[in-house]
Amino acid sequence: MLLVVQKFGGTSVADADKIKAAAARAVKAKRLGHQVVMVVSARGKKTDELVGLAAEITDTPPAREMDMLLSTGEQESVALMAMAVQTLGEEAISLTGGQIGIVTDSTHTKARIRSISTNRMRQALKEGKIVIAAGFQGTDEDFNITTLGRGGSDTTAVALAAVLQADVCEIYTDVEGVFSTDPRMVEAAQKINRISYDEMLELASLGAGVMHSRSIEFADKFRVPIRVRPAYSDAEGTLIAPEPADHLPVVTGVAFVRDEARVSLSKLPDRPGVMQVVLQKMSERKIPVDMIIQDVGDGGLAEVSFTVPQNDLAETLTAAEAAIEELGAGEVLHGTNLSKVSVVGAGMRRHTGVAAQMFQALCDAEVNIGMITTSEIKISVLVSRDQCEAAVHAVHAGFGLHKEHALTPPLGQSHAASPTGATFTNEEWETDVIAKLSSMEDIVVSDVCLDREQSLVTVSNIPDTPGIAAALFSANAKADVMVDMIVQNISHSGLAHLSFTVPKAQLQTSLEITRAAAEQWPTTELNSQDHIAKLTVSGIGLRSHTGVGEKMFHALATANINVKLINTSEVRISTVIDLESGEAAHRAVLDAFGLEG
């Protein structure tokens with residue numbers, strides 16, 4: 001017997017026929033011998049309708065009364081669902097958040113779960129009933145109804161699955177699952193059968209609307225398997241789960257953001273605190289900064305570039321000028337009509353040829369790369385917007401993602417996997433879940449890591465033309481060099497600078513083959529630094545939580561630690577610093593985010 005949590009969003013319970021179809025799914029699972037808990041959202045546009053009604057009454061509705069009002073949407077859904085189940089011959093009980101035993105704080109419209117009592121649910125399941133739980137809501141200690149804010153039904157579903165130790169949490173939605181890229185752009189895009197939690201978080205643009213990212217992070221912590229399934233068919237959908245021990249695809253998907261703008265701050269003083277000032281100005285204006293890049297300084301000066309949504313460009317330029325004024329030096333440049341294209345795959349942790357394959361695919365399509373940034377499982381490039389579609393098609397085809405089984409890059413080699421993920425015992429499980437639930441909405445930074453085993457290679461003054469990155473990283477892949485961070489900032493006067501990190505033990509090999517590859521470009525200069533440390537902050541929502549970067553770089557500035565290199569992804573900010581500053585930097589950033597070492 002399995003314990004299954006099934007979550008149905010608003011579009012999946014929009015009318016009577018869809019409610020009956022959802023009820024039939026739960027009954028089918030029950031008759032297969034499973035215990036079933038359903039988590040149900042408000043029907044269709046019900047929440048919007050209620051918000052609209054409140055707006056007709058007052059422009060400033062009290063938060064408590066809004067919770068009272070909005071919670072009726074889920075209450076309606078669970079009652080109708082219980083009726084539908086019972087007409088199919090099975091016992092069911094509908095429960096509001098308070099009746100389930102979800103106790104929250106008193107922060108109306110965005111309450112946080114403090115505790116969950118599972119006694120009533122377990123008793124109902126023991127009696128053979130299907131439990132139908134209202135998502136998105138709970139009650140505070142004074143029995144006021146509260147709601148959990150954005151992604152609240154996802155939060156309820158994953159929290160119940162975690163605390164009940166469910167075998168799977170099924171998310172029923174109006175899509176077939178998660179695809180290798182947007183099928184509206186690439187018709188040959190394939191549905192992904194299985195994807196890891198980290199990949200799902202990095203592929204945020206492909207997961208938009210499927211699940212709230214905080215719920216995926218929480219599922220990761222407690223190893224709750226999530227299956228995203230279509231509500232309109234019996235298709236298996238996509239399983240979001242821990243990385244398998246073997247048969248891991250090197251690349252899982254290609255994501256893109258079409259409308260990006262670039263802002264560059266050049267001629268900045270290369271000293272501690274500069275990045276903190278820049279990000280502070282962005283944070284003050286709540287500007288969601290993406291693709292942050294700082295390459296190696298030269299002659300006491302540094303350059304920082306980042307991307308922002310096209311619509312935020314004017315406000316970003318104002319913030320950038322304010323940063324320049326406060327720093328007393330620098331120049332603001334910008335570019336428009338740009339797109340970000342990314343490949344994501346947990347398997348690239350173990351394969352040396354992913355970067356070479358991606359850059360070669362772009363080269364073959366004659367797509368020029370404006371900027372490069374990476375994380376452990378993601379490589380992102382900035383390209384002209386008019387080349388976005390060509391870039392996505394080229395990279396998608398280059399990794400064989402249009403096929404049932406993606407291709408392994410022809411260059412480079414696979415290496416053995418490292419154990420990932422924590423294991424948990426049953427002892428005090430519920431207490432542990434609840435303790436972490438109480439700070440679930442605070443989970444922005446979950447880990448700070450220091451890597452002392454990297455060296456830095458910088459290739460300066462290379463021609464800004466297609467094929468340069470492909471040549472450099474193909475050479476490294478052929479030599480089986482495991483490249484980690486890759487940073488390329490915007491070019492000037494037709495010349496670009498590219499830096500990357502490699503394991504210390506492979507530095508001399510990388511220098512030799514990189515030097516040989518670069519001989520064809522007479523202007524090129526090659527430099528390296530053996531003794532560096534890489535400091536990485538990991539978490540979720542780093543892009544939307546605009547203060548994370550500011551807090552990180554403020555901590556480094558306060559410790560008088562200079563940053564040599566920066567790159568970012570959806571879930572990581574990585575920096576390169578001097579090795580002798582590594583321990584102090586690690587401690588400063590841990591303290592800044594209140595984490596244990």
Side-chain angles (χ1 to χ4, degrees), residues 261-308 315-335 371 373 445 448 456 458 460 485 487-492 497 499 501 527 529 532-537 542-543 545-568 572-582 584-589 591-593:
R262 172 190 54 80
V263 175
S264 297
L265 285 74
S266 65
K267 302 177 183 178
L268 295 173
D270 187 15
R271 65 170 189 252
V274 169
M275 200 63 213
Q276 183 254 327
V277 172
V278 173
L279 292 182
Q280 179 186 7
K281 300 305 179 186
M282 302 301 145
S283 179
E284 287 171 355
R285 292 165 173 79
K286 301 294 188 288
I287 296 169
V289 175
D290 190 18
M291 262 189 109
I292 305 172
I293 292 175
Q294 177 182 322
D295 52 11
V296 174
D298 182 28
L301 298 176
E303 180 168 353
V304 173
S305 296
F306 49 87
T307 60
V308 295
E315 186 73 4
T316 305
L317 291 174
T318 300
E321 291 290 354
I324 293 296
E325 183 177 352
E326 182 168 329
L327 292 168
E331 180 181 351
V332 179
L333 308 169
H334 71 278
M371 288 165 46
T373 184
V445 170
V448 180
L456 178 64
T458 299
S460 304
M485 282 177 69
V487 172
Q488 178 182 314
N489 210 332
I490 200 70
S491 67
H492 297 287
H497 306 286
S499 297
T501 63
N527 293 287
Q529 187 174 346
I532 63 164
K534 184 181 81 167
L535 185 68
T536 301
V537 167
L542 299 189
R543 185 178 181 189
H545 285 76
T546 55
V548 173
E550 179 195 353
K551 181 180 283 191
M552 175 182 181
F553 292 108
H554 180 266
L556 294 174
T558 301
N560 198 35
I561 294 169
N562 199 27
V563 174
K564 294 180 173 294
L565 209 68
I566 302 171
N567 73 1
T568 61
R572 286 179 177 82
I573 301 175
S574 295
T575 63
V576 167
I577 55 181
D578 287 329
L579 183 63
E580 57 267 25
S581 301
H586 190 213
R587 175 44 55 194
V589 176
D591 290 344
F593 291 106

Non-neighbouring partners of D578 that pass side chain to side chain contact (heavy atoms under 4.5 Å, CB included), sequence neighbours left out
Q529, K564, E580, S581
Which residues satisfy the side-chain hydrogen bond (donor to acceptor under 3.5 Å, both in side chains) test with T575, sequence neighbours excluded?
none
Regarding T458 and N527, do their side chains bring together a donor and an acceptor under 3.5 Å, going by distance alone?
no
Rounded distance (nearest 0.5 Å) linking atom OG1 of T307 with atom CG of D290:
4.0 Å
Note: S305 and S264 closest approach over all heavy atoms is OG-OG, 2.7 Å
Just verifying a value: how many Å separate R262 CZ and H334 NE2, rounded to the nearest 0.5 Å?
8.5 Å
Identify the two heavy atoms, one from V263 and one from A320, that lie closest to each other, and give their separation to 0.1 Å.
CG1-CB, 4.2 Å
Side-chain contact test, heavy atoms from C-beta onward, threshold under 4.5 Å: evaluate it for I532 versus L579 and give yes or no.
no
Distance alone, cut at 3.5 Å: any donor-acceptor contact between the side chains of T373 and T568?
no
Can you tell if the side chain of N567 reaches within under 4.5 Å of the side chain of I292, non-hydrogen atoms only?
no
Applying side-chain hydrogen bond (donor to acceptor under 3.5 Å, both in side chains), can you list everything that pairs with E326, at least two apart in sequence or on another chain?
K281
Just to verify, what does E315 make a side chain to side chain contact (heavy atoms under 4.5 Å, CB included) with, not counting sequence neighbours?
R285, I287
CA sep, side-chain torsions, deciding dist, call: I566, I293, side chain to side chain contact (heavy atoms under 4.5 Å, CB included)
CA-CA 5 Å; I566 302 171; I293 292 175; over 6 Å; no
Rounded distance (nearest 0.5 Å) linking atom CD of Q488 with atom NE2 of H497:
10.0 Å
Give a yes or no answer on whether the side chain of T558 reaches the backbone of H554 with a donor-acceptor pair at less than 3.5 Å.
yes
Please evaluate residues V448 and H586 with respect to the criterion side chain to side chain contact (heavy atoms under 4.5 Å, CB included), reporting the C-alpha separation (whole Å), side-chain torsions for both, the decisive distance (0.1 Å), and the verdict.
CA-CA 7 Å; V448 180; H586 190 213; 3.6 Å; yes
Which value, rounded to the nearest 0.5 Å, describes the distance between F306 atom CZ and M282 atom CE?
3.5 Å
Please find the pair of heavy atoms, one from G549 and one from I573, that lie closest to each other, and give the distance.
CA-CD1, 4.1 Å
Identify all side-chain donor-acceptor contacts of residues 266-277 below 3.5 Å with residues at least two apart in sequence or on another chain.
unit_1: K267; atom_1: NZ; unit_2: E331; atom_2: OE1; d: 3.4
unit_1: D270; atom_1: OD1; unit_2: N562; atom_2: ND2; d: 3.1

Partners meeting salt bridge (charged side-chain N to carboxylate O under 4.0 Å, His left out) with K551 (sequence neighbours left out):
none
Taking atom types as modelled and ignoring hydrogens, do the side chains of E303 and H492 form a donor-acceptor contact shorter than 3.5 angstrom?
yes
Between L565 and S499, what is the shortest heavy-atom contact and its length?
CD1-CB, 3.9 Å
Search all heavy atoms of V563 against all heavy atoms of Q294 and return the closest pair with its distance.
O-NE2, 2.9 Å
Do you know the tightest heavy-atom contact between V548 and F593?
O-CZ, 3.7 Å
